[in-house]
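Notes follow once the structure below has been shown.
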Amino acid sequence: MFGTEDPRHARQVVLPEVGAAGQARLARARVLVVGAGGLGSPAIMYLAGAGVGDLVIVDHDRVEVSNLHRQPIHAGRAGAGKAASAARFVRELDEGLRVTVVDEALTPANAGGLVGGCDVVLDCADSFAVSYILSDVCLAAGVPLVSASALGMTGYCGGFCGGAPSLRAVFPDLPDRAATCATAGVLGPVVGILGAMQAQMALAVLLEMSPSPLGQLVTLGAGLRWGGFRFDSAAEPADGFAFIDKSGIGPDDFILDLRGADEAPVPVHPRALRADAACPPAPPPGARAVLACRSGLRAWRAARALAPTHPDIVLIATGEYR
């Protein structure tokens, strides 16, 4: 049984914000979820539970035992692909839903095709590069983007694009330093809260609730302190560094690989020069500079150093996709 009469959805259909018409809208919706980890797990669970009819799940990672404290939908499936494992959960919850597994990383090369035809995109990858790639594609396509990030016991969730300002309008620059859940730690319920909020924002967009979550940022601080603001009038930055795929490197590009040989024995491209992000060499006049590192953070830092005298710069985040 599938649709507005499915008893799975009886408790939400009675809501005036949903009703039979809203439930039918959810059943027709196509939602792209990038990342089936700590944020994606609760987001996928609640989107499926709400009856979102068509889910596309993108993740190239495998389930690890150390993930399970914050990714319970993968219980008992250590070693399995996260996208396939999440899809199995969805099908077991509701066999009437359509779910597509994309067992690969989100890249500048495939992002446009994945975003196209979707009603909402959820950025659950918790990756600088993925967030900016998705924001750029969603802004151009007019598709709403719900993005979140969590670390330790803090994080944020916001609704971007789709008629609202992009993520770049709110976060025009990357931090000087970055940590990960592996290095800084994370408490499972923190990502659970933010991932569930992503699902709620996505449902609010699909149901056309007012006020719209697009143009809204919610923050979670230490000690469960909630904050946030609306950014409906935020201006898009006049400049910024776009991410490209390795396949987008051109014959006349000036390429710097900011990873050391111990980190990456094979450079990003045969013509790439090894360099330090703190003091990158100046590109030749007229050449596009391509700066590569694992996460995009060092490349962004080097781009900021070069930008005053060389504006034509793009970035590659090699470790976020392979």
Side-chain angles (χ1 to χ4, degrees), residues 1-36 39-59 73 83 86-102 106 110-125 134-135 137-148 157-164 166-167 194-216:
M1 186 180 295
F2 180 68
T4 60
E5 297 180 358
D6 192 327
R8 293 179 179 86
H9 311 132
R11 297 298 183 271
Q12 67 187 37
V13 170
V14 299
L15 291 168
E17 295 87 352
V18 182
Q23 191 61 49
R25 190 179 299 123
L26 295 180
R28 295 190 300 269
R30 182 177 176 86
V31 175
L32 172 66
V33 182
V34 180
L39 294 167
S41 290
I44 291 165
M45 179 174 70
Y46 283 112
L47 291 173
V52 172
D54 194 347
L55 291 170
V56 181
I57 302 173
V58 179
D59 201 314
I73 67 171
R88 178 176 170 181
F89 173 90
V90 171
R91 295 184 183 112
E92 290 174 349
L93 180 69
D94 188 343
E95 68 280 2
L97 302 181
R98 299 174 297 278
V99 58
T100 302
V101 171
V102 182
L106 189 286
N110 65 16
L114 291 168
V115 168
C118 290
D119 299 293
V120 181
V121 174
L122 271 66
D123 167 25
C124 303
L134 283 176
S135 180
V137 172
C138 287
L139 182 66
V143 176
L145 170 67
V146 179
S147 181
C157 181
F160 307 92
C161 306
S166 73
L167 184 140
L194 293 167
M197 184 175 294
Q198 284 186 274
Q200 176 62 26
M201 283 192 172
L203 293 174
V205 170
L206 294 171
L207 294 168
E208 299 179 353
M209 292 183 181
S210 182
S212 172
L214 299 179
Q216 179 181 9

Would you say R98's side chain and R30's backbone share a donor-acceptor pair under 3.5 angstrom?
no
Taking all non-hydrogen atoms of both residues into account, name the closest pair between S41 and I73 and its distance.
OG-CG1, 3.6 Å
Can you see which heavy atom on R11 is nearest to which on L15, and at what distance?
O-CG, 4.2 Å
Using modelled atom types only, decide if a donor and an acceptor are shared between the side chain of Q23 and the backbone of A50 within a distance under 3.5 Å.
yes
Can you tell me how far CG of D119 sits from CG of L26, rounded to the nearest 0.5 angstrom?
10.0 Å
The single option from V101, V33, V115, T100 passing side-chain contact (heavy atoms from CB on, under 4.5 Å) against V56:
T100
If you round to the nearest 0.5 Å, how far is CG of L145 from SG of C118?
11.5 Å
To the nearest 0.5 Å, tell me how far I57 CD1 sits from L32 CG.
10.0 Å
Expected list for residues 195-210: side-chain donor-acceptor pairs under 3.5 angstrom, two or more places apart:
{"from": "Q198", "atom 1": "NE2", "to": "D123", "atom 2": "O", "distance (Å)": "3.0"}
{"from": "Q198", "atom 1": "NE2", "to": "V146", "atom 2": "O", "distance (Å)": "3.1"}

Note, C138 side chain near S166 side chain (heavy atom, < 4.5 Å):
no
Quick one: are L97 and V52 in side-chain contact, heavy atoms under 4.5 Å?
no
Residue pair L93 / G49: nearest heavy atoms and the distance that separates them
CD2-N, 3.7 Å
Shortest non-hydrogen contact from V137 toward A111:
CG2-CB, 3.9 Å
Side chain to side chain contact (heavy atoms under 4.5 Å, CB included) between L47 and L122: does it pass, once the steps are laid out?
CA-CA 11 Å; L47 291 173; L122 271 66; 3.8 Å; yes
Is there a side-chain contact between L55 and V31 in this structure, where contact means two heavy atoms from C-beta onward sitting under 4.5 Å apart?
yes
Search all heavy atoms of I44 against all heavy atoms of A86 and return the closest pair with its distance.
CD1-CB, 3.9 Å
Could you list the residues that satisfy side chain to side chain contact (heavy atoms under 4.5 Å, CB included) with A164, not counting sequence neighbours?
L214
